Every structure is written in C-alpha cells, then in structure tokens.
2 protein chains.
Amino acid sequence: MVLRQHHLDDQQFTLISKALADPKRFEMLQRIAHQGPAPTCTCLRESLQLAPATISHHLKELETAGLVHIQREGKFAHITLRREVWKAYLKRLSEI
Amino acid sequence: MVLRQHHLDDQQFTLISKALADPKRFEMLQRIAHQGPAPTCTCLRESLQLAPATISHHLKELETAGLVHIQREGKFAHITLRREVWKAYLKRLSEI
DNA sequence: TCATCATTTCGATAGGTATAGAAATGACGA
DNA sequence: TCGTCATTTCTATACCTATCGAAATGATGA
C-alpha cells in the first residue's frame, strides 16, 4: 500500500510527542499497529489492564494527535494506526 | 564518524520519550544537535528565553535520558548530542 | 420494551512537572 | 583575596494528567 504524504505542523508534532510519552499509551499504539484486524477498546483493555474510562481517555489522546483512526460501528470502535502520520513523525524526528 | 551501536532498555526508552514531550526541551535538543561547537547553558538560555534554573532542569532531564553528554570545563558546560542513542531511539520507534 | 454490552463522559483525586526566585557552588581574572 | 560569572540546587507554586468509579449514551438482541 502506498501512503499519501502527511505534513506535520508544530502543534501536531508536539501532540504526538506527548502522546508517546506515556508508556501505557505507547503500548496501546503498538498493539493497534500490530493487530491485523482493527482492535476494539475491550480488546485493548484486556491486554493493558486498565479501566474502560482510562482506555477511552488514552484513545482520545491518540486520536487528537492524529495517530489513530477510529471507526465507530454500532457498539464497537475499530482502531487503526494512521501510518502516513507515523511515517511523517519519524521523518521529522530523523531530521533533528 | 562511525557510531557504536547503543541498546535501549525499556526504562531509557520511556525517559527519552518523556524528555521529547516538552517542546522547549525538544528545541534545546535541536539546538544542541545543530550547533557545531558544543553549546553552553548560557547559549541555550539566550535562544530559549528561559531562566537559568529552568535550563539546568531540562538539561538534567536530557542527560538522565542519556540523550546528551555534558562536559564540564571550568565555568562552562559543553553539551553534545549522543548520536548513537538518538539513532537507537529512532530505530526502536520505527519498529513499532 | 427491556436487559445487556461497548464505549464515552463527568467528576474527583493523587502524583507529576515546568517554571523561576533565591541561595549555593565553583572557577576565573584582577 | 575579592568580585564576577556560569551553573546548580533548593524550594515553592501553578498547572497538567493518569487513573478510575459512577453515570450516561447508544446499539443490539431477546
């Protein structure tokens, strides 16, 4: 799959950096990235051992940072990594 | 210059992520990385507009995370980016 | 309709942290 | 020796945030 290029402005760059700073949130992101089919909140909750409210909070941070896309279908929220954003973040970091 | 490989354990990885989460601190790191001759605290202070105590605080965070090396010579502290650590961090991020 | 389930929102709390003023430290030059 | 300068340490403060219980929301199936 070819990813469209994504441009990170300073604000988004900072939001992403902050999002990654919490170990639990980074672990969430890792699971989201690895999982083939888009995982749901409950799925993450089981592996991370956090309360639903906490999962939801972290998920919102990841979404606000633009790192994940959340597709809400009925009861479920299917989460996917926005790889073009991730790639842009890595690129910017590597240009330090 | 060839960089020896550096291994990041989980704790250092988290410390680095936290260190990067503050915009001022990231800006400090950028200046340290760009500057040819190792800059001093005062040098950073002028470009970042922060109190000496605050610069010193951020610098300690960067040092604790292993991101920078501080060579203290007389009155001055010369700061350099530890590029092998930076490289290891980028590598780990890219393996998500 | 009603109970159940996934998720979100609200509200509270405990702990973390960016900031800087003031004082301490330690080196340097006069 | 003494004043100055770069840096650090101490301490306080204001703000931020990770966490979760409880309640709300909204969909699903019986």
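Heavy-atom basis, side chains included; hydrogens, waters and symmetry copies ignored. These numbers come from a predicted model, not from an experiment.
- Spacing between atom CE of A:Met28 and atom C1' of D:dT19 amounts to 14 Å, rounded to whole angstrom units.
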- Task: Quick one: do A:Asp10 and A:Arg92 satisfy salt bridge (charged side-chain N to carboxylate O under 4.0 Å, His left out)? Show the steps, please.
- Result: CA-CA 10 Å; A:Asp10 286 350; A:Arg92 172 121 176 218; 2.7 Å; yes

Practice item. Let me see the working for B:Met28 and B:Leu59 under side chain to side chain contact (heavy atoms under 4.5 Å, CB included), right down to the final yes or no. Key: CA-CA 8 Å; B:Met28 273 181 72; B:Leu59 201 52; 3.8 Å; yes

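- With distances taken from any side-chain atom of B:Glu61 to the nucleotides C:dA6, D:dT7, C:dA18, the minimum falls on C:dA18.
- At least one side-chain heavy atom of B:Trp86 sits under 4.5 Å from a side-chain heavy atom of A:Leu93.
- D:dT8 atom P lies 14 Å from atom CD of B:Gln71, rounded to whole Å.
- Between B:Leu50 and B:His58, some side-chain heavy-atom pair lies under the 4.5 Å cut-off.
- Closest approach to the B:Leu50 side chain among C:dT7, C:dA20, D:dT19 is made by C:dA20 (side chain taken as heavy atoms from C-beta onward).
- Atom-to-atom, CZ of A:Phe26 to P of D:dA18 comes out at 16 Å; the value is rounded to the nearest Å.
- The distance between atom CD of B:Glu63 and atom C1' of D:dT7, rounded to the nearest whole Å, is 13 Å.
- Each of C:dT19, C:dG21, D:dT17 was ranked by its minimum atom distance to the side chain of B:His58; first place goes to C:dT19.
- Checking the phosphate oxygens (OP1, OP2) of D:dT8, a side-chain nitrogen or oxygen of B:Arg72 falls inside 4.0 Å.
- Salt-bridge annotation for B:Arg72 and B:Glu63: present, with a side-chain N of the basic residue lying under 4.0 Å from a carboxylate O of the acidic one.
- The residue B:Ile55 sits apart from the nucleic acid: no heavy atom pair falls under 4.0 Å.
- Ranked by how close their nearest DNA chain C nucleotide is to the 5' end, A:Thr54 and B:His57 are led by A:Thr54.
- The nearest heavy atom of DNA chain D to B:Cys43 and to A:Ala53 marks one nucleotide each, and the one closer to the 5' end goes with B:Cys43.
- Heavy atoms of A:Ser56 sit under 4.0 angstrom from at least one base atom.
- The nucleotide whose nearest atom lies closest to any side-chain atom of A:Lys75 is, among D:dG26, D:dG21, C:dT8, D:dG26.
- Distance CD (B:Glu73) to P (C:dG26): 18 Å, rounded to an integer number of Å.
- Put simply, the side chain of B:Val85 reaches to within 4.5 Å of the side chain of B:Ile16, judged on heavy atoms.
- Picking from C:dT19, D:dT9, D:dT17 the nucleotide with the shortest atom distance to the side chain of B:Lys60 gives D:dT9.
- The CD-P distance, from B:Gln49 to C:dT19, rounds to 13 Å in whole Å.
- Which of C:dT19, D:dT8, D:dA6 sits closest to the side chain of B:Pro52 comes down to D:dT8.
- Close to C:dC5, at under 4.0 Å from its OP1 or OP2, lies no side-chain N or O of A:Thr42.
- One can place CG of A:Leu59 at 16 Å from C1' of D:dT19, the figure rounded to the nearest angstrom.
- Side-chain atoms of A:Arg25 lie closest to D:dA18 of the nucleotides D:dA18, C:dA20, C:dT8.
- As rounded to whole Å, 15 Å separates atom P of C:dG15 from atom NZ of B:Lys18.
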